[in-house]
*Asks:* 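Sending over a structure as structure tokens; questions will come in a sec.
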Amino acid sequence: MSTRTAGPALPPGLRTRPLVLDDAEAVTALVRAEETVDLGAPEVDVEDIRSDWLRPSYDIATSTIGVEDPEGRLVGYVDHAGDDVAYAAVDPAHQGRGIGTWLAAWVQQRARERGATRVGSQVPQGSAADRLMADLGYRERWTAWDLELPDDVGLPDAPLPAGHTLRDATAADHEAAWTLLEDCFLEWAQRPRQPLADFGARIWGREGHQPWNLRLLHDGAGELVGATHVHLSGAGGYVAKVGVRRERRGQGLAAAMLVDAFALARRHGATRCYLSTDSRTGALGLYEHVGMVVSSTWVNRAIDL
């Protein structure tokens, strides 16, 4: 595939190439460097990158482009992850040179070729990436937040209603968990339903997955009514997904599931418990109710193609 774009040329001496799976470590280092500047601490782990790249429907060779300096060091990249979602980062030492503008033009072209009508990304509010995207005409779609349970805050008392039970998922539960969580997320997310194999690559196919990472909630009749995905990310316990069937909400189930997830993460060595949400979900109040506080604010921006 051509790496030419309609945008400005890259600075002299830089070269581009599609990424390969072995670049996951370098991409992780690049993203973590940018996060350290924008957030004060890095968030992403290599497992996050690899689980996305290992989705069966994903083709890394046609979905990514990396920018290297004359010594072959990765200084920028962009990934059209699918539909209208892109991920990108530029080494803070190389920002302001036009690399981000070039990457934005490349991913717009790539998304357009795939039939997308828009493409966007989520970036820390006020960051260099946020300012660049605004300058390039990317509009705000929603606000997102990272929230943490402070180390000195104990887990609240959030018992399950009588008859409800939480347990680890088994392989036989995977399709039911996929159906429930996708049903919940597609109430507000404007995207196609993930194929089961892609969904699984990010959960039970994620490197280091353990049975306690996917928890299922059943009622007294044995019906599946909720599911939680929690995993360790460095020293943190990250709740990546929590969902409760629409007709079962308002009974304290989500709060009990969160407490269960954080307790398990701490039991497995987590010294930090956190998650992400956004203004589309209406869940911010729930997380604050169990003692979580906003640690960073993000903006999701997109541009029409």
*Asks:* Distance-only, no hydrogens or angles: does the Ser279 side chain make a donor-acceptor pair with backbone N or O of Thr143 under 3.5 Å?
*Replies:*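 A pair under 3.5 Å: yes.
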
*Asks:* Kindly give the heavy-atom pair with the smallest separation between Ala227 and Leu180, and that separation in Å.
*Replies:* N-CD2, 3.9 Å

*Asks:* Hey, are Asp45 and Ser233 close enough side-chain-wise for a donor-acceptor pair under 3.5 Å?
*Replies:* yes

*Asks:* Got Trp142 and Val299 here, is their nearest side-chain heavy-atom distance under 4.5 Å?
*Replies:*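 Counting from C-beta outward, Trp142 and Val299 never come under 4.5 Å.
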
*Asks:* Looking only at non-hydrogen atoms, find the nearest pair between Ala177 and Leu224 and report the distance.
*Replies:*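 Where Ala177 meets Leu224 most closely, the heavy atoms are N-CD2, 4.2 Å.
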
*Asks:* Flag yes if more than 12 heavy atoms outside Glu207 fall under 6.0 Å of its CD atom; otherwise flag no.
*Replies:*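 Atom CD in Glu207 is crowded, with more than 12 foreign heavy atoms closer than 6.0 Å.
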
*Asks:* Supply the atom-to-atom distance Leu14 CG to Asp69 CG, rounded to the nearest 0.5 angstrom.
*Replies:*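 If I round to the nearest 0.5 Å, the distance is 7.0 Å.
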
*Asks:* If we ignore hydrogens and angles and just use 3.5 Å, is the side chain of Ser51 paired with the main-chain N or O of Glu47 as donor and acceptor?
*Replies:*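 Yes; judged by distance alone, with no hydrogens or angles, the pair exists.
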
*Asks:* Do His164 side-chain atoms and Leu160 backbone N/O form a donor-acceptor pair below 3.5 Å?
*Replies:*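 No, the answer is negative, given that no donor and acceptor are paired below the 3.5 Å cut-off.
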
*Asks:* Just by distance, do the side chain of Asp38 and the backbone of Glu35 share a donor-acceptor pair under 3.5 Å?
*Replies:*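 No: the side chain of Asp38 does not pair with the backbone of Glu35.
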
*Asks:* If you look at every heavy atom in Ala104 and Leu136, which pair is closest and at what distance?
*Replies:* CB-CD1, 3.8 Å

*Asks:* Stepwise, does the side chain to side chain contact (heavy atoms under 4.5 Å, CB included) test hold for Glu140 with Asn300?
*Replies:* CA-CA 6 Å; Glu140 272 193 47; Asn300 189 290; over 6 Å; no

*Asks:* Excluding sequence neighbours, so at least two apart, what forms side-chain contact (heavy atoms from CB on, under 4.5 Å) with Ala111?
*Replies:*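 Ala111 satisfies side-chain contact (heavy atoms from CB on, under 4.5 Å) with His80, Ala116, Val119, Leu305 only.
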
*Asks:* Do the side chains of Tyr58 and Val46 join up, straight or via other hydrophobic residues, at under 4.5 Å, putting them in one cluster?
*Replies:*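 No; Val46 is not reachable from Tyr58 via cluster members.
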
*Asks:* Which atom names give the shortest non-hydrogen contact between Pro150 and Val293, and what distance separates them?
*Replies:* CG-CG2, 3.9 Å

*Asks:* Between the side chains of Arg55 and Gln194, is a donor N or O closer than 3.5 angstrom to an acceptor N or O?
*Replies:* no

*Asks:* Can you name the one residue among Ile65, Val90, Val107 that meets side-chain contact (heavy atoms from CB on, under 4.5 Å) with Trp102?
*Replies:* Ile65

*Asks:* Does Gln190, at its CD atom, have more than 12 non-hydrogen atoms belonging to other residues, nucleotides or ligands within less than 6.0 Å?
*Replies:* no

*Asks:* Testing Asp91, Thr16, Leu30 one by one against Tyr77 for a side-chain contact (heavy atoms from CB on, under 4.5 Å), which residue passes?
*Replies:* Leu30

*Asks:* Kindly determine whether Thr165 and Leu217 satisfy side chain to side chain contact (heavy atoms under 4.5 Å, CB included), including the steps that lead there.
*Replies:* CA-CA 6 Å; Thr165 57; Leu217 175 66; 6.0 Å; no

*Asks:* Would Val294 and Leu284 satisfy side chain to side chain contact (heavy atoms under 4.5 Å, CB included), going step by step from the backbone distance to the final call?
*Replies:* CA-CA 9 Å; Val294 172; Leu284 182 61; 4.3 Å; yes

*Asks:* Hey, mind stepping through Asp84 and Arg141 against salt bridge (Lys or Arg N to Asp or Glu O under 4.0 Å) and telling me if it holds?
*Replies:* CA-CA 12 Å; Asp84 64 353; Arg141 291 197 287 184; 2.7 Å; yes

*Asks:* Can you list the steps and then say if Asp183 with Arg246 is a salt bridge (Lys or Arg N to Asp or Glu O under 4.0 Å)?
*Replies:* CA-CA 9 Å; Asp183 284 350; Arg246 184 199 293 266; over 6 Å; no

*Asks:* Ring-plane angle category for Trp212 and His268, please: parallel below 30°, perpendicular beyond 60°, tilted otherwise.
*Replies:* parallel

*Asks:* Between Leu258 and Val230, is there a shared hydrophobic cluster once you connect ILVMFWY residues whose side-chain heavy atoms come closer than 4.5 Å?
*Replies:*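 Result: yes, single cluster for both.
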
*Asks:* Can you say whether the rings of His174 and Trp204 are parallel (under 30°), tilted (30 to 60°) or perpendicular (over 60°)?
*Replies:* parallel

*Asks:* Going by distance alone, is a donor N or O of one side chain under 3.5 Å from an acceptor N or O of the other, for Ser296 and Trp298?
*Replies:*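 On atom types as modelled, these side chains qualify, holding a pair under 3.5 Å.
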
*Asks:* If you measure only the distance, is there a donor-acceptor pair under 3.5 Å linking the side chains of Arg97 and His94?
*Replies:* yes

*Asks:* A cation-pi test, strictly: NZ or CZ of Arg266 under 6.0 Å from the centre of the six-membered ring of Phe262 and no more than 45 degrees from its axis. Yes or no?
*Replies:* no

*Asks:* Check whether Arg131 reaches the backbone of Gly126 with its side chain - one donor and one acceptor, N or O, closer than 3.5 Å.
*Replies:*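 Yes: the side chain of Arg131 pairs with the backbone of Gly126.
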
*Asks:* Does any N or O in the side chain of Glu182 come within less than 3.5 Å of the main-chain N or O of Thr179, such that one atom is a donor and the other an acceptor?
*Replies:* no

*Asks:* Give, for atom OH of Tyr138 and atom CG of Leu132, the distance between the pair rounded to the nearest 0.5 Å.
*Replies:*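 Those atoms lie 8.0 Å apart.
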
*Asks:* Kindly indicate, with the supporting measurements, whether the criterion salt bridge (Lys or Arg N to Asp or Glu O under 4.0 Å) is fulfilled by Asp304 and Arg112.
*Replies:* CA-CA 10 Å; Asp304 294 326; Arg112 191 179 295 111; over 6 Å; no

*Asks:* Assess the side chains of Arg114 and Ser63: does a donor N or O sit below 3.5 Å from an acceptor N or O?
*Replies:* yes

*Asks:* Checking side chain to side chain contact (heavy atoms under 4.5 Å, CB included) for the pair Asp168/Asp173: CA distance, chi angles, key distance, verdict?
*Replies:* CA-CA 9 Å; Asp168 297 348; Asp173 300 310; over 6 Å; no

*Asks:* Would you say the side-chain atoms of Asp83 pair up with the backbone N or O of Val85, donor to acceptor, closer than 3.5 Å?
*Replies:*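 No, because the side chain of Asp83 does not come within donor-acceptor range (under 3.5 Å) of the backbone of Val85.
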
*Asks:* Within the distance-only criterion (no hydrogens, no angle test), does the side chain of Arg110 pair as donor or acceptor with the backbone N or O of Thr62 below 3.5 angstrom?
*Replies:*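 Indeed, once roles are kept as given, a pair shorter than 3.5 Å links the two residues.
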
*Asks:* Would you say Val37 and Val31 are hydrophobically clustered, going by side-chain heavy atoms of ILVMFWY under 4.5 Å?
*Replies:* no

*Asks:* Quick one: do the Asp79 and Thr64 side chains pair a donor with an acceptor below 3.5 Å?
*Replies:* no

*Asks:* Looking only at side-chain N and O atoms, does Asp198 offer a donor or acceptor that is under 3.5 Å from a partner on Ser57?
*Replies:*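 The criterion, which ignores hydrogens and geometry beyond distance, is satisfied for Asp198 and Ser57.
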
*Asks:* At what distance, to the nearest 0.5 angstrom, does NE2 of His209 lie from CG of Leu214?
*Replies:* 6.0 Å

*Asks:* Decide, yes or no, whether a salt bridge links Asp48 with Arg202 under the criterion of side-chain N to carboxylate O below 4.0 Å.
*Replies:*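 Here Asp48 does not pair with Arg202 in a salt bridge, since their nearest N and O are not under 4.0 Å apart.
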
*Asks:* Quick test of your reading of the model: are Arg32 and Glu43 salt-bridged, counting only N-O distances below 4.0 Å?
*Replies:* no

*Asks:* List the atom of Ala254, the atom of Leu286, and the distance in Å for their closest heavy-atom pair.
*Replies:*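 So the minimum-distance heavy-atom pair works out to CB-CD2, 3.7 Å.
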
*Asks:* Side chains of Tyr274 and Asp146: does their closest heavy-atom pair fall under 4.5 Å?
*Replies:* no

*Asks:* Which residue, Arg280, Arg249, Arg193, forms the salt bridge (Lys or Arg N to Asp or Glu O under 4.0 Å) with Glu187?
*Replies:*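 It is Arg249; the other options fail the test.
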
*Asks:* OH of Tyr238 to CD of Glu148: how many Å apart, nearest 0.5 Å?
*Replies:*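 Result: 11.5 Å between the selected atoms.
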
*Asks:* Do Tyr87 and Leu103 land in one hydrophobic cluster if side-chain heavy atoms of ILVMFWY residues count as linked below 4.5 Å?
*Replies:*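 No, Tyr87 and Leu103 fall in different hydrophobic clusters.
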
*Asks:* Quick check: does any side chain N or O of Thr228 sit under 3.5 Å from a backbone N or O of Val242, one acting as donor and the other as acceptor?
*Replies:* no

*Asks:* Could you please spell out the steps behind the salt bridge (Lys or Arg N to Asp or Glu O under 4.0 Å) verdict for Arg73 and Glu68?
*Replies:* CA-CA 5 Å; Arg73 190 173 69 92; Glu68 295 180 331; over 6 Å; no

*Asks:* Determine yes or no for a side-chain-to-main-chain donor-acceptor pair under 3.5 angstrom, with Asp52 supplying the side chain and Ile49 the backbone.
*Replies:* no

*Asks:* Between Gly236 and Ala270, which heavy-atom pair has the shortest distance, and what is it?
*Replies:*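 Smallest interatomic distance, heavy atoms only, reads C-CB, 3.9 Å.
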
*Asks:* Decide, yes or no, whether a salt bridge links Arg215 with Asp260 under the criterion of side-chain N to carboxylate O below 4.0 Å.
*Replies:* yes

*Asks:* Are Val78 and Ile99 connected in a single hydrophobic cluster, I mean Ile/Leu/Val/Met/Phe/Trp/Tyr linked by side-chain heavy atoms less than 4.5 Å apart?
*Replies:* yes

